[in-house]
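Heads up: numbering here begins at 1 and tracks the sequence.
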Amino acid sequence: SIHFHELLEQPALVRDHLGPYVERMRALVGSPDWLARTCLLWEATYDVVDRAFLDLPGVHVIGYESLVQDPMGGFADLYRRFGLTWSDDAAGRVRAATQEKPGADKKFQWSLRGGISRTAYRPQGAATALSTYRTRLTPDEMERVRVLTADVAGRVLGRAVAS
C-alpha cells in the first residue's frame, strides 16, 4: 500500500525532493486507483534519485533492471566499487537469490535460510523479474503505465539503455 500522506508529512522531504509531485500526491491520498498511486511513486522515486543522487560524488546508482539482466556481473562490480571481496561465497549467494526456482509461480513460503527476513522476498530469474507485469496487468493497464510514467521513464530508462 502506498500512503502518500506519510511522505507529505515530512517537510524536509517535500521541500528538498517531492515539490514537483506534491499536488498529484495530495490528489491521490485515499484514492482507490492503485495503478495511478503506484505509477506516481515509481515516477517520483526514479526522478528524485536521478536529480539528487546520480551525479553525487561517492554515490553509485544502478537500476534494478540492470542488476536483473546481469546479476553476477552487476554485483561483482558493486563489490569492487565498494572495496568488498567478491568471493565464491558471495557469488553463490547472489546466484541463489537470482536464479529461478522450481515452483516459482507458487505463493511465497517463508524461509529462515540466511537468517530471519521481514520481507516477502522470492528469488527470481531475469525472465520472471522483468516480465511478471504481463500476467498481472491488462493491456489497457500496461498502456496506462506507459502514459503515466512517460516523462521520467523516457529520461532515466533511456539513459540506462544508452550507458
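Evaluation of the salt bridge (Lys or Arg N to Asp or Glu O under 4.0 Å) test over residues 2-22, restricted to residues two or more places apart or in two chains, returns none.
Hydrophobic clustering places Leu13 together with Leu28 (ILVMFWY residues linked when any side-chain heavy atoms are closer than 4.5 Å, directly or through intermediates). A single hydrophobic cluster is seen to contain both Val156 and Val59, as judged by linkage of ILVMFWY side chains at heavy-atom distances under 4.5 Å, directly or through other members. Val68 and Val94 fall into different hydrophobic clusters, where Ile, Leu, Val, Met, Phe, Trp and Tyr are joined by side-chain heavy atoms under 4.5 Å apart, directly or via other members. Transitive grouping of hydrophobic side chains (ILVMFWY, heavy atoms separated by less than 4.5 Å) brings Val49 and Leu56 into a common cluster.
Distance CG/Leu67 to CD1/Ile62: 4.0 Å, rounded to 0.5 Å. From Glu43, atom CD reaches atom OG1 of Thr45 across 10.0 Å, with rounding to the nearest 0.5 Å. Between the CG atom in Asp77 and the CE atom in Met72 there is a gap of 13.0 Å [rounded to 0.5 Å]. Annotation: the span from Leu54 atom CG to Tyr46 atom OH amounts to 12.5 Å, rounded to 0.5 Å. Rounded to the nearest 0.5 Å, atoms CD (Gln10) and CG (Leu18) are 8.5 Å apart. With rounding to the nearest 0.5 Å, the separation of CG in Leu40 from CG in Leu35 is 11.5 Å.
For Arg80 (side chain) and Trp86 (main-chain N/O), no donor-acceptor pair under 3.5 Å exists by modelled atom type. A distance-only check finds a donor-acceptor pair linking the side chain of Arg37 to the backbone of Ser31 [under 3.5 Å].
Side chains of Val152 and Trp42 form a contact here, defined as non-hydrogen atoms less than 4.5 Å apart. A 4.5 Å side-chain heavy-atom check between Leu7 and Tyr21 finds every atom pair outside the cut-off. Looking only at side-chain heavy atoms (C-beta outward), Arg24 and Phe4 stay at 4.5 Å or farther from each other. By the 4.5 Å heavy-atom criterion applied to side chains, Asp33 and Arg144 are counted as neighbours.
In this pair, His5 and His3 present their aromatic rings perpendicular. The plane angle is above 60°, beyond the 30 to 60° band.
Among Ile2, Leu41, Leu8, Val14, the one residue that satisfies the side chain to side chain contact (heavy atoms under 4.5 Å, CB included) test with Met25 is Leu8.
In plain terms, the two heavy atoms of His60 and Leu78 that are nearest each other are CD2-CD2, 3.5 Å. Considering all non-hydrogen atoms of both residues, Val145 and Thr149 come closest at O-OG1, 2.7 Å.
In this structure, Asp89 pairs ionically with Arg93, as a charged nitrogen and a carboxylate oxygen lie closer than 4.0 Å.
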